[in-house]
Asker: 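One structure, as structure tokens, below. Some questions next.
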Number of protein chains: 2
Amino acid sequence: MSTITSNRPQNGSLVKAFALLEFFSNQKKQWGVRELSRHIGANESTTYRMMATLESLDILYKNPETEKYALGLKLYELGNRVDINASFIHLTHPELERVALEIEETVHLGILRNNKVLMVDKVESSMGLRLDSSVGQMSPIHCTGIGKVLVAFGDNMITSFLKSYDYVRFTEKTIINKADFDKELRKIKKQFYAIDDQEFEQGLICVAVPVFNKKNDLVASLSAAGPSVRFKKDSLLEYVSILTKGANAIQQNIGNYKI
Amino acid sequence: MSTITSNRPQNGSLVKAFALLEFFSNQKKQWGVRELSRHIGANESTTYRMMATLESLDILYKNPETEKYALGLKLYELGNRVDINASFIHLTHPELERVALEIEETVHLGILRNNKVLMVDKVESSMGLRLDSSVGQMSPIHCTGIGKVLVAFGDNMITSFLKSYDYVRFTEKTIINKADFDKELRKIKKQFYAIDDQEFEQGLICVAVPVFNKKNDLVASLSAAGPSVRFKKDSLLEYVSILTKGANAIQQNIGNYKI
DNA sequence: AATCACTGTTTCACATAGTGAAACACTTAA
DNA sequence: TTAAGTGTTTCACTATGTGAAACAGTGATT
């Protein structure tokens, strides 16, 4: 019933197959052939043939006991080989440029990966005194603006991942225990931005806001960072509003992607 | 040229499309339509239509500058929603059962996830004095048999992930610096198994061996763990040979999966 | 035992949907 | 200008996927 507004050639079977896979991805339960064909409003024998094919490719997994289907390992394998930066950055980069132009500080986009913050994109400040951080770098969670935002607005599970020995002291200001960190997270959730005031590196301040997709899943965090000599209390809130504007623009560009 | 030996109904376009995606996943470079169609020996206009469809679904990503294709974000999204345990464990579990029966200790299967060891399956020892660990639990890398095996036989990159503050001391025997750990890894690579002799928990010994897939990618580590009072020097080597036999059997079952 | 309400699977006549050689419209380099 | 490379579109053809219906099981309920 849904119409794709596009003049490009379309391979119908492929569209159907991926619609089926996406249906599976939005469901935690395992489905049988008939049951599923009714739910997605497709012919049962077509659905059966599609699923049989996908199963033989290990894209779908057929539970040997229940004979019901779930997403298969091959899909996991393929998904793991996607170079996220290749496809994600071009959706976000222009907005980073815009924000950097307005704030005149180095702007970062970071995500959570391997229990660390992974910087996926940045735009350097044009000013002389620059922060040298590079894309692909892993940073700790508990003492960076991006890290704190990602934990504050992410799944609750993530907090429990942080063990006591993860709270490494980097500077005098680093938060080094769960109680203080939880308090900080509550504050961040209220004010909708996080500040790292020299908690990771002396003389380095950073403001970060959450970036959501259109489904309101947290996907990344956008931050501006610079030397403490330039960051003043009153400009901070201005930065937050610019970053938030940028995060909203990114939200429009990335659609429903969940990184 | 490859023939699928199966009597189940097959949807040809689907098979072709996933062959194309798999081709992409084995290549780091980005491909153009014609270039690619030649490489996979398919008709160019068919390939074009397929890629156009996959791109509109965001399964493929078209680099706006070069107009070449790579795997897209939607595939990443789908891959992330696969419940690995559902499809992986049933391939490995029977072998764990077999090994546990022979060794009479708790047997674990673990993978690397979020810079920690994630236990994906276990079979409990039938003996009275048991080790209570559960599937889904995250354990540190540097002081567990499974962790050490996974790092020793995995990508070199992984070693560099471990920062100085990751070497947390758990017992007197825990290895707490990179130099000693690197030495340990070299030893493990030579002997093809790792021992954790009370490095994580006092009184707990564990032997682990690598599990490879048919392509010889490291996919997991198989271990037997028990109280130090039961683990003796001469039985250790016997355990190693039983575990290795088990790992080989798993290798046959899991085919080319790369977890 | 017999009916019912479900499954997954197979069949087969039919026409739709995917195919591929060739032409087209570009860009870049010689 | 020519040549060699792109990506894209066209269109006649038939192979390919379709779907209603039948088949073959299973497990409850009567």
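Here is how names work: the chains are called A, B, and so on, in the same order as the sequence lines, proteins then strands, and each is numbered from 1. Hydrogens, waters and symmetry mates play no part in the numbers below; they use all other heavy atoms, side chains included.
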Asker: What residues, two or more places apart in sequence or in another chain, satisfy side chain to side chain contact (heavy atoms under 4.5 Å, CB included) together with B:Thr92?
Answerer: B:Phe88, B:Ile89, B:Leu109, B:Asp121, B:Ile250, B:Ile254
Asker: Can you tell me how far P of D:dA24 sits from CD of A:Glu67, to the nearest Å?
Answerer: 18 Å
Asker: For A:Gln252, what residues pass the side chain to side chain donor-acceptor pair (under 3.5 Å) criterion, not counting sequence neighbours?
Answerer: none
Asker: Would you say B:Tyr48 reaches D:dT8's phosphate, i.e. side-chain N/O to OP1/OP2 under 4.0 Å?
Answerer: yes
Asker: Determine, stepwise, if the pair B:Leu218 / B:Val211 fulfils side-chain contact (heavy atoms from CB on, under 4.5 Å).
Answerer: CA-CA 6 Å; B:Leu218 178 75; B:Val211 178; 5.8 Å; no
Asker: Are any protein N/O atoms closer than 3.5 Å to N/O atoms in nucleotides 11-18 of chain C? If there are, list each pair with its distance.
Answerer:
residue, atom, partner, partner atom, Å
C:dG18, OP1, A:Asn11, OD1, 3.1
C:dG18, OP1, A:Gly12, N, 2.8
C:dG18, OP1, A:Ser13, N, 3.0
C:dG18, OP1, A:Ser13, OG, 3.1

Asker: C:dG8 C1' sits how many Å from A:Arg38 CZ, rounded?
Answerer: 13 Å
Asker: Quickly work out the B:Asn43 CG to D:dT16 C1' distance and round it to whole Å.
Answerer: 16 Å
Asker: What residues, two or more places apart in sequence or in another chain, satisfy side chain to side chain donor-acceptor pair (under 3.5 Å) together with A:Arg38?
Answerer: none
Asker: Using a cutoff of under 3.5 Å, can you pull out all pairs of nitrogen or oxygen atoms linking the protein to nucleotides 25-30 of chain C, with atom names and distances?
Answerer:
none

Asker: Rounded to whole Å, please give me the gap between CH2 in A:Trp31 and C1' in C:dG8.
Answerer: 17 Å
Asker: Is there a donor-acceptor contact under 3.5 Å from the side chain of B:Gln251 to the main chain of B:Asn213?
Answerer: yes
Asker: Could you check A:Lys68 against B:Glu44 and say which one's nearest nucleotide on DNA chain C is further toward the 5' end?
Answerer: A:Lys68
Asker: Using ring-ring contact (aromatic ring centres under 6.0 Å, His included) as the criterion, list what pairs up with B:Tyr193, not counting sequence neighbours.
Answerer: none
Asker: What's the CE-C1' distance between B:Met51 and D:dG7, to the nearest Å?
Answerer: 11 Å
Asker: Checking B:Glu35 against B:His39: is there a side-chain donor and acceptor pair closer than 3.5 Å?
Answerer: no
Asker: Let me know the distance between CG of A:Leu36 and P of C:dC6, rounded to the nearest Å.
Answerer: 17 Å
Asker: Quick one: B:Met50 CE to D:dT8 C1', roughly how many Å, whole number?
Answerer: 16 Å
Asker: Just how far is it from atom OG of A:Ser223 to atom CD of A:Glu105, taken to the nearest 0.5 Å?
Answerer: 11.0 Å
Asker: Tell me whether the OP1 or OP2 atom of D:dT26 has a side-chain N or O from A:Arg34 closer than 4.0 Å.
Answerer: no
Asker: Hey, what do you get for NZ (A:Lys68) to CE (A:Met51), rounding to the nearest 0.5 Å?
Answerer: 9.5 Å
